[in-house]
Amino acid sequence: AGTPGQTLDVEASIPQVVAALTSNRERVAQLVWRETPAPLPTLDDLAREINSYLMNFPGFAAAAVHDLQTGPEALVDADVSFSGMSTLKIGLVAALMQQLPNGIAAGDEESDLVGKWMDYALGESNNHAANQLLAHLGGGSVEAGAQRFTSFMRSLDFESTYMQSGYDAQVQLAEIPTPGNRRDDWDTNPDHNLQTTPAEMARMLAAIYECTQGRGRLLEVYPGDFTPGECETLLFYMSHDEFQEMIWAGLPRPNTAWIVHKHGFAYESHSDVALIWGPTGPYVLSIFLHRRGWMDWETSNTTMKSISRMVWNFFAFQQAQQASEPPPAMILQPPPGYAPIKGYIKVASTGYQ
């Protein structure tokens, strides 16, 4: 009987069988087998492994992986709506960049101020700075900025992502129906004012990266409003999120890892969305967790670190099997005239190990 991964070579085996049948001494025929290499695991296999791990999570967990080298995704309940939290700022800064005629330009007082707000909003998770960005987007009105942000996201086919107010709003508005919050299988009690899904935030960050390479959704929808350099500026600001737990801590060598990310916290939910330069090249990992009543830190951090390591190991196995080298990691450059608002930790994404 054959075994998985082996195929009988009939033509090569026939002479061995004939020799055994016609010999009065050597009556054993050694058949010829061809070894078939095992197929590489796919992102569907990875999704099954992540789902299997998350089945023991004491709440509801969802994840999305986007391989930026080959294009496919691994999705685990990733189209369910969650509170947007600070991870929604990834889309907010992209909406602002689309409105700036020359990006963050040196000597431009307006764009310099917007750049500082982006730095605070992404680097320090500063909600006041995020609200300033919304007000600027809305011509002085946070509410109008929220509407423009939502229109921007809808133009990119992100139907479950929206804002109705700024951050830390005191009034909860009526929820806007979306595909993500109208599901009847899971309910994460999302903030009515700020919502998104793990898949849409992963795709938003993937679109920003693809823009740096001169391709992707942002350039298709807004060909005259984005440049690769402007999208690189957004990733540069993201590199200032210095929180090195969650997805970051799950990488095998966190101190030298190439990663930019945006994490978010709410009372019942935690999230982290990261662009990582992995063993085969760049990929995006988006994880959102919900636990009714209170999302405790120990459970959240342990879960995210485990998924992060699982995804890294998946790409490391692919790299080892293919014996290939990943493309060189990009080095993010600050916008012209950039003035640091504080001293940031040195990270691989900006050329510091």
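Counting begins at 1 with the first residue of the sequence.
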Worksheet entry | Within-4.5 Å side-chain heavy-atom neighbours: W297 and M246 | yes

Practice prompt. Would you tell me whether S125 and S86 have side-chain atoms, one donor and one acceptor, within less than 3.5 Å of each other?
Written response: yes

Worksheet entry | Pairwise side-chain contact, D187 with V80, heavy-atom cut-off 4.5 Å (strictly under) | no

Worksheet, complete the sentence: Residues E268 and G293: closest non-hydrogen pair is OE2-N, 2.7 Å

Worksheet item: Between D9 and A12, is there a donor-acceptor pair closer than 3.5 Å when you use the side chain of the first and the backbone of the second?
Response: yes

Practice prompt. Check the side chains of K89 and N127 for a donor-acceptor pair under 3.5 angstrom, ignoring hydrogens and angles.
Written response: yes

Item to complete: Before giving the answer on side-chain hydrogen bond (donor to acceptor under 3.5 Å, both in side chains), spell out for N193 and S165 the whole-Å C-alpha distance, their side-chain angles and the decisive distance to 0.1 Å.
Response: CA-CA 6 Å; N193 294 348; S165 69; 3.2 Å; yes

Item to complete: Could you grab the distance from atom CG of D67 to atom CZ of F314, nearest 0.5 Å is fine?
Response: 7.5 Å

Discussion item. So does S324 get a backbone contact from the side chain of Q319, meaning a donor-acceptor N/O pair under 3.5 Å?
Written reply: yes

Discussion item. Between T161 and E200, does the side-chain hydrogen bond (donor to acceptor under 3.5 Å, both in side chains) criterion hold? Intermediate values first, please.
Written reply: CA-CA 7 Å; T161 298; E200 291 189 353; 2.5 Å; yes

Worksheet item: Do T87 and D272 come close enough that some side-chain heavy atom pair is under 4.5 Å?
Response: no

Worksheet item: Are a donor atom and an acceptor atom from the side chains of T178 and Y162 found within less than 3.5 Å of each other?
Response: no

Discussion item. Does either side chain, that of H290 or that of T188, offer a donor lying less than 3.5 Å from an acceptor on the other one?
Written reply: no

Worksheet item: Hey, does R253 have a side-chain heavy atom less than 4.5 Å from the side chain of W312?
Response: yes

Worksheet item: Do H263 and F265 make the cut of ring centroids closer than 6.0 angstrom?
Response: yes

Worksheet item: So do L234 and M118 actually touch side chain to side chain, heavy atoms under 4.5 Å?
Response: yes

Discussion item. Under 3.5 Å, is there a donor on one side chain and an acceptor on the other for S83 and Y267?
Written reply: no

Worksheet item: Any side-chain heavy atom of W258 within less than 4.5 Å of one from L332?
Response: yes

Worksheet entry | Backbone N/O of L173 and side chain of H192: donor-acceptor pair under 3.5 Å | yes

Worksheet item: Can you tell me if D191 and Q172 form a side-chain donor-acceptor pair at under 3.5 Å?
Response: yes

Worksheet item: Regarding H136 and E110, is there a side-chain donor-to-acceptor distance under 3.5 Å anywhere?
Response: yes

Discussion item. For the backbone of L21 and the side chain of R27, can you confirm whether one donor and one acceptor N or O come within less than 3.5 Å of each other?
Written reply: yes

Fill in: Side-chain (N181) to main-chain (I176) donor-acceptor, under 3.5 angstrom
yes

Worksheet item: Quick one: are Q164 and E143 in side-chain contact, heavy atoms under 4.5 Å?
Response: no

Worksheet item: Relative to the ring of W277, is the ring of Y209 parallel (under 30°), tilted (30 to 60°) or perpendicular (over 60°)?
Response: perpendicular

Discussion item. Applying side-chain hydrogen bond (donor to acceptor under 3.5 Å, both in side chains) to Y222 and S155, what does each step give before you reach the verdict?
Written reply: CA-CA 10 Å; Y222 298 102; S155 72; 2.5 Å; yes

Discussion item. Any side-chain to backbone donor/acceptor pair from T302 onto E298? Under 3.5 Å, distance only.
Written reply: yes

Worksheet item: Would you say the side chain of F149 lies within less than 4.5 Å of the side chain of L88, judging by non-hydrogen atoms?
Response: yes

Discussion item. Under a 3.5 Å distance rule, please check whether S13 uses its side chain to pair with a backbone N or O of L31 as donor and acceptor.
Written reply: no

Worksheet item: For Y120, does its backbone N or O pair with a side-chain atom of Y237 as donor and acceptor, under 3.5 Å?
Response: no

